[in-house]
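Take a look at the structure set out below.
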Amino acid sequence: MVNVTLPDGSTLSVGNGTTPIQIAERIDPALAKAAVAARVNGKVVDLSTPIVNNVDVQIVTANDDKGLEIMRHSCAHVMAEAICSIWPATKLVYGPAVEDGFYYDIDLDEPIRPDDFGRIEQKMQEIVAADRPFIRKEMSKIQALAKLAGDRYKLDNIDHADSDIISFYSHGDGFEDLCRGPHVPSTGRVGNFKIMSVAGAYWHGDPTQKMLQRVYGTAWAAKQELDDYLQRLEEAKKRDHRVLGRHLDLFSFNEAGPGFAFIHPKGMIIWNEIVNYWRGVHNRYGYQEIKTPLILNEQLWHKSGHWDNYKENMYFTAFDNVSYAIKPMNCPGGCLVYKTRQHSYREFPMRVAELGLVHRHEASGVIHGLFRVRQFTQDDAHIFCTPQQIESEVIGVIELTFEIYRTFGFEDFHVELSTKPEKHIGSDQVWDIATGALKGALEHKAIAYKINEGEGAFYGPKIDFHIKDCLKRSWQLGTIQLDFSMPERFGLTYTDRDNTEKTPVMIHRAVLGSFERFIGILIEHYAGNLPLWLSPEQVRILPISEKTNDYAGVVQTKLKQAGLRCSCDLSDEKIGAKIARAHGEKLPCMLVVGPKEAQSNTVNVRLRGIQPNKTVPIEEFLEAAKRKIVNKETDFVL
RNA sequence: GCCGAUGUAGCUCAACGGUAGAGCACGGCUUUCGUAAAGCCGGGGUUGAGGGUUCAAAUCCCUCCAUCGGCUCCA
């Protein structure tokens, strides 16, 4: 007999060799029915694993994150069997669970098409209906290597396994796959699934390796959860900034310039509002602003190190037999401005901002709306300071950054620290000092951070800021990068207190990262329902009929004088149609005016997403609206 | 850049070898209306570009371009 301790602290005495499923059965048959795996002393195992010692046991169901992951992984196996039965030439590579589902990488020369998903699913349903048990078989590494001789992918998987015991799982008609497990007890337990897409994926993510086919699926314990998930995808599609950008006439793209955004008048209003706000905050934090040329002599980029480290992404041009580069970064230009005169330690820290338009040639396959473009405006700044000032400057940037994010309604953010990459310039010692300074600032602010080894910029380590939007998707926005190399390369100096010439430290930083991308993120975050202060059109006046067009004009004049962006809908549509149209354009605020309002100098205020409407004097509405705009409030209630 | 898919009117889509259509949007007219779309009429397309097959191509084939989903990369 052995004793098993359950999560609630109670113990059960069971026979040696009892399995978790039998234990679940004893606790509650309903639990046994829901069980997908078990945690034995914290390790997740199959429900059929015999228990031979005194252990802690927890039954894992699909409600548990780990249980869901196991279920999805098992679903991947079922899909693999289905694919192999349809395409016997399929070679299986690797099939893990991922967020919301799973994928399986396969090597098959014949492309799988979306049209094939139906029959894959059908085959999977057959396998599920058969409800065959997943059976684990263990053998030594040597036996396994012999068994899989000739299968380069599975042999490779064994090479990556850290255990000397290699396991296989089988289910169904002789289908067997090398797998660490654990798995659900049988194929009837892989949940509610759907094949989502198929895409190419390099073996090991290595572009020099063969391109495999990656078939993605999603799987959920309950049918309702699957439906909800598909529903969420539909919702996300409606928020897609590319769709909303076209619909709301904010920006466009054209084949004439792939990756180059055309910002329309309404988009420019959003842009300029952000810039105005951004300037105000930077002014308050002691920044100056400069503007440097788009095109600079190629030699400059040799000097800066970009030629050696970034050439593949740069655009070039030539004139009068002189080669020029179109700037991919603003820093060299900033250095040239710095060099135009002498500097003293008394000026430090010197914070110099630049809304710089940069061009980077991104691979054609990665361009994506405003999120990934080839031309964008960075909200860049370079801080020149002494080594002693680094930490406090980094702290200042962190505070500025968080303040700006909160203004836009982003409360959920996290920080990552990236260290020295393989391809880098500068000595190890310098890298250590720089990395230490960043860590010091983060620890001083008691900010938790994740470390990304080897992912820093070629000239220095960096901190990246990530925010989560309302759909919990993470976006990288800001960055702080320390740079000891570029000041050196450009021969930047300052006169220190002791009257000697020294080299300043340069801190590169961006808060929003790219204006283009940030506007895209805002559009999706707000689902196009921009707060009043950012709305291209803040108020629309809707006369009931032609008879109150004049009064509508009077109201509009007052609003315009108060600085509000507003228009009148003078079309001869009925009021319902005018309202529907304004809602479609995501107007934050509509003022319905008819004879009643005209007589009493009032407006009937209809706010986006808020009922009931309210009739108030024009002045009252005006004051409320102005207050909301000044405070940049995201909600608007009268 | 690589793999796969997709390009038809401003937008969303139909037609899938035999005269390119619809809804919305746009223009004109009627209507003057009280809270999420009133009616009629009209203009608008070398079907992404180029080549090929065919009596005949939006439709089949090839090349290129762009877009979408991934991989890789990144703000």
Side-chain angles (χ1 to χ4, degrees), chain A residues 103 105 108-116 196-216 237 240 242-243 246-247 249 252-259 310 312-313 328-329 356 358 360-380 418 455 457 462 464-466 475-479 481 508 510-518 520-521 542-549 570-584 587 590-597 604-606 608 611-613 615:
Chain A
Y103 65 78
D105 280 350
L108 172 66
D109 291 333
E110 182 187 340
I112 291 181
R113 298 162 202 284
D115 289 348
D116 299 318
M196 300 302 287
S197 64
V198 57
Y202 299 111
W203 191 34
H204 292 304
D206 179 348
T208 64
Q209 295 291 344
K210 179 164 186 182
M211 170 102 21
L212 307 167
Q213 296 194 67
R214 177 169 296 177
V215 186
Y216 283 91
K237 220 191 242 173
D240 189 319
R242 295 167 299 184
V243 174
R246 189 188 301 122
H247 177 67
D249 196 15
S252 60
F253 287 91
N254 188 283
E255 291 190 12
Y310 207 73
E312 299 74 27
N313 287 303
M329 296 185 195
V358 296
R360 299 181 183 178
H361 185 86
E362 300 294 342
S364 60
V366 307
I367 291 171
H368 180 101
L370 291 178
F371 288 168
R372 197 68 188 279
V373 290
R374 286 177 172 161
Q375 170 193 273
F376 60 97
T377 303
Q378 275 188 316
D379 65 323
D380 211 348
S418 298
E455 298 200 0
K462 61 176 183 175
D464 289 324
F465 296 93
H466 299 248
W475 303 101
Q476 189 199 321
L477 296 181
T479 182
Q481 309 183 352
H508 308 248
V511 176
L512 303 177
S514 142
F515 266 81
E516 285 80 354
R517 164 191 261 198
F518 185 68
I521 292 168
L542 312 177
I544 293 284
S545 80
E546 214 169 77
K547 291 171 188 160
T548 37
N549 279 1
L570 302 180
S571 63
D572 47 354
E573 293 293 346
K574 297 208 283 192
I575 190 65
K578 292 182 182 182
I579 289 167
R581 183 191 304 235
H583 272 293
L587 261 286
M590 290 160 239
L591 303 181
V592 176
V593 294
K596 274 189 288 184
E597 286 77 15
N604 180 257
V605 185
R606 184 183 179 101
R608 180 180 60 203
Q611 286 289 356
N613 309 325
T615 299

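Quick note: numbers below take in every heavy atom, side chains included, and nothing from hydrogens, waters or symmetry partners. Here is the naming used below: chain letters follow the sequence lines, and residue numbers restart at 1 for every chain. Nothing here was measured: the structure is a model prediction, and the numbers come from that model.
- Each of A:Ile544 and A:Pro111 has a nearest nucleotide on RNA chain B; the 5'-most of these lies closest to A:Pro111.
- Summarising the geometry, the separation between NZ on A:Lys596 and C1' on B:C33 is reported as 14 Å, rounded to the nearest angstrom.
- Contact check, A:Arg242 against B:C68: a side-chain N or O comes under 4.0 Å of OP1 or OP2.
- Taking the side chain of A:Pro258 as heavy atoms from C-beta on, and the options B:C71, B:A66, B:U32, the nearest nucleotide is B:A66.
- The gap from the P atom of B:C55 to that of B:C11 amounts to 37 Å, rounded to the nearest Å.
- Judged by distance alone with a 3.5 Å cut-off, a donor-acceptor contact links the side chain of A:Glu597 to the base of B:G34.
- When rounded to the nearest whole Å, the span between CG of A:Asn613 and P of B:G34 equals 15 Å.
- The nearest whole Å value for the distance from the CD atom in A:Gln209 to the C1' atom in B:C2 is 13 Å.
- Secondary-structure annotation of RNA chain B gives the stems B:1-7 with B:65-71, B:10-13 with B:21-24, B:26-30 with B:38-42, B:48-52 with B:60-64, with a stem taken as at least 3 successive Watson-Crick or G-U pairs whose two distances both fall under 3.5 Å.
- Atom P of B:A15 sits at a distance of 14 Å from the matching atom of B:U8, rounded to the whole Å.
- The ring-ring contact (aromatic ring centres under 6.0 Å, His included) search around A:His466 returns A:His414, not counting sequence neighbours.
- Applying the side chain to side chain contact (heavy atoms under 4.5 Å, CB included) test to A:Gln375 and every residue at least two apart in sequence or in another chain returns A:Phe260, A:Leu357, A:His359.
- Between the A:Asp379 side chain and the A:Leu512 main chain, a donor and an acceptor come within less than 3.5 Å of each other.
- If you take CZ of A:Arg113 and C1' of B:C3, they are 12 Å apart, rounded to a whole angstrom.
- The side chain of A:Ser514 lies closest to B:A75 when the candidates are B:U35, B:G7, B:A75.
- Distance CG (A:Asn254) to P (B:G48): 16 Å, rounded to an integer number of Å.
- In this structure, CD of A:Gln375 is placed 17 Å from C1' of B:C74, rounded to the nearest angstrom.
- Interface remark: the A:Arg372 side chain does form a donor-acceptor pair with the B:C73 base, using a distance-only criterion of under 3.5 Å.
- Looking at residues two or more places apart in sequence or on another chain, you find a side chain to side chain contact (heavy atoms under 4.5 Å, CB included) between A:Thr615 and A:Glu597, A:Thr602, A:Asn604.
- Rounding to whole angstrom units, CZ of residue A:Phe465 and P of B:C74 are separated by 19 Å.
- Annotation for A:Asp109: atom CG does not count as buried by contact number, only 12 or fewer foreign heavy atoms lying within 6.0 Å.
- The same atom, C1', is picked in B:A25 and in B:C73; the two are 40 Å apart, to the nearest Å.
- Among the atoms of the strands shown, base atoms are found under 4.0 Å from some heavy atom of A:Ala199.
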Side chains of residues 196-204 of chain A: which donor-acceptor pairs under 3.5 Å do they make with residues two or more places apart or in other chains?
residue, atom, partner, partner atom, Å
A:His204, NE2, A:Asp156, OD2, 2.8

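- For the C1' atoms, the distance from B:G44 to B:A22 is 14 Å, rounded to whole Å.
- On the P atoms, B:G43 is 13 Å away from B:G21, given to the nearest whole Å.
- Taking the 5.5 Å centre cut-off and the 30° plane limit, the aromatic side chain of A:Tyr216 is not classed as stacked on B:G70.
- For A:Ser364, the side chain to side chain contact (heavy atoms under 4.5 Å, CB included) partners are A:Arg374, not counting sequence neighbours.
- Considering only residues two or more places apart in sequence or on other chains, A:His247 meets the ring-ring contact (aromatic ring centres under 6.0 Å, His included) condition with none of them.
- No side-chain heavy atom of A:Val592 sits under 4.5 Å from any side-chain heavy atom of A:Asn613.
- A:Glu110 meets the side-chain hydrogen bond (donor to acceptor under 3.5 Å, both in side chains) test with A:Trp87; sequence neighbours excluded.
- Among residues two or more places apart in sequence or in another chain, the side-chain hydrogen bond (donor to acceptor under 3.5 Å, both in side chains) test is passed with A:Asn313 by none.
- For the pair A:Arg246 and B:U12, the criterion of a side-chain N or O lying under 4.0 Å from OP1 or OP2 is met.
- Scanning atom types as modelled, no donor and acceptor separated by under 3.5 angstrom connect the side chain of A:Asp206 and the base of B:U72.
- Place A:Val373 and A:Asn604 on RNA chain B by their nearest nucleotides, and A:Asn604 ends up nearer the 5' end.
- Comparing B:C74 with B:C13, their C1' atoms sit 35 Å apart, to the nearest whole Å.
- When the side chain to side chain contact (heavy atoms under 4.5 Å, CB included) test is applied to A:Arg242, the partners found at least two apart in sequence or on another chain are A:Asp240, A:His368.
- When heavy atoms are screened at a 4.0 angstrom cut-off, A:Glu546 is found touching base atoms of the nucleic acid.
- When the C1' atom of B:G1 is taken as reference, atom CG of A:Asn313 falls 12 Å away, rounded to whole Å.
- In this structure, A:Thr377 contributes its side chain and A:Phe515 its backbone to no donor-acceptor pair below 3.5 Å.
- Shown for residues 361-370 of chain A: residues whose heavy atoms fall under 4.0 angstrom of RNA chain B, namely A:Glu362, A:Ala363, A:Ser364, A:Gly365, A:Val366, A:Ile367, A:His368.
- Between the C1' atoms of B:G10 and B:C71, the separation comes to 34 Å (whole Å).
- The gap from the C1' atom of B:U6 to that of B:C16 amounts to 15 Å, rounded to the nearest Å.
- A donor-acceptor contact under 3.5 angstrom links the side-chain atoms of A:Tyr202 to the base of B:G1.
- Summarising the geometry of A:Phe253 relative to A:Gly259, their closest heavy-atom pair is CE2-C, 4.2 Å, with the distance given to 0.1 Å.
- Residue contacts shown for A:Lys462 are limited to sugar-phosphate atoms, with no base heavy atom under 4.0 Å away.
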| said: Generate the contact string for nucleotides 36-41 of chain B. Rules: B means base contact, S means sugar-phosphate contact only, - means no protein heavy atom under 4.0 Å. | reply: BBB---
